Amino acid sequence: MNFESELHNGNFYIPECIKCLKVVWPPSEFCNHCFGEISLKKKAHEGKIIEFSRQDDMYFCLVEFDEEIKVMAKIPDTPKIGQTVKILKCGISNGNYFFQVI
Ligand SMILES: [Zn+2]
């Protein structure tokens, strides 16, 4: 399993080191702590909004998963700091990861 090919299919897995069990973010082939191999064990479910901003008519928020991973995501409704959100859609567009949460 490869992080990017899974993300491309709409599955956001958390990359984790098989040796030291740390979350490896940004995703890479090897752990940045111990150079162990990476596995995709679990899917990211719920995240928490840390920050948000408004651009035109859309809200973008910084969402934290597993206290290690932070991604920018689009959100349809007015976000609140600390709000729990779920991933509605994710993928890769023009080489960039994108996320939509709800
Ligand atoms: Zn490691």
Side-chain angles (χ1 to χ4, degrees):
M1 268 197 324
N2 169 285
F3 176 82
E4 291 201 348
S5 58
E6 288 298 326
L7 190 68
H8 194 73
N9 292 329
N11 299 312
F12 179 29
Y13 279 93
I14 295 180
E16 204 178 70
C17 172
I18 56 172
K19 263 196 190 165
C20 72
L21 306 178
K22 281 197 174 81
V23 171
V24 179
W25 191 262
S28 121
E29 240 176 289
F30 296 99
C31 175
N32 47 14
H33 300 280
C34 74
F35 299 104
E37 277 185 56
I38 303 306
S39 73
L40 303 175
K41 275 190 196 150
K42 49 180 181 174
K43 268 193 182 182
H45 289 294
E46 292 185 333
K48 203 173 74 180
I49 295 179
I50 302 182
E51 273 175 39
F52 66 87
S53 62
R54 194 181 162 158
Q55 227 177 303
D56 300 322
D57 273 344
M58 289 203 284
Y59 285 101
F60 290 88
C61 48
L62 187 65
V63 183
E64 185 185 73
F65 294 91
D66 269 38
E67 294 173 4
E68 295 276 349
I69 298 177
K70 292 182 182 73
V71 302
M72 285 300 290
K74 263 194 220 174
I75 187 164
D77 299 319
T78 313
K80 278 189 233 119
I81 304 278
Q83 185 187 341
T84 301
V85 289
K86 284 184 182 150
I87 293 176
L88 181 68
K89 228 172 141 184
C90 61
I92 301 177
S93 169
N94 297 323
N96 295 310
Y97 303 158
F98 72 85
F99 297 90
Q100 276 179 37
V101 295
I102 194 160

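First listed ligand is number 1; within each ligand, the first listed atom is number 1. Worth saying up front: this structure is predicted, and the values here are computed from it rather than measured.
- The aromatic rings of Trp25 and Phe12 stand perpendicular to each other, their planes meeting at an angle above 60°, with 30° marking the opposite boundary.
- Looking at Ile75 and Val63, their side chains never come closer than 4.5 Å, going by heavy atoms from C-beta outward.
- Side chains of Ile69 and Pro15 form a contact here, defined as non-hydrogen atoms less than 4.5 Å apart.
- Cluster membership check: Tyr13 shares its hydrophobic cluster with Val85, using side-chain heavy-atom separations under 4.5 Å among Ile, Leu, Val, Met, Phe, Trp and Tyr.
- Protein nitrogen, oxygen and sulfur atoms, that is N, O or S, within less than 2.8 Å of the Zn ion (ligand 1) amount to 4.
- A donor-acceptor pair is defined here as one N or O able to donate and one able to accept, closer than 3.5 Å; such a pair exists between the side chain of Asn2 and the backbone of Glu4.
- The side-chain heavy atoms of Tyr97 and Pro26, taken from C-beta on, include no pair separated by under 4.5 Å.
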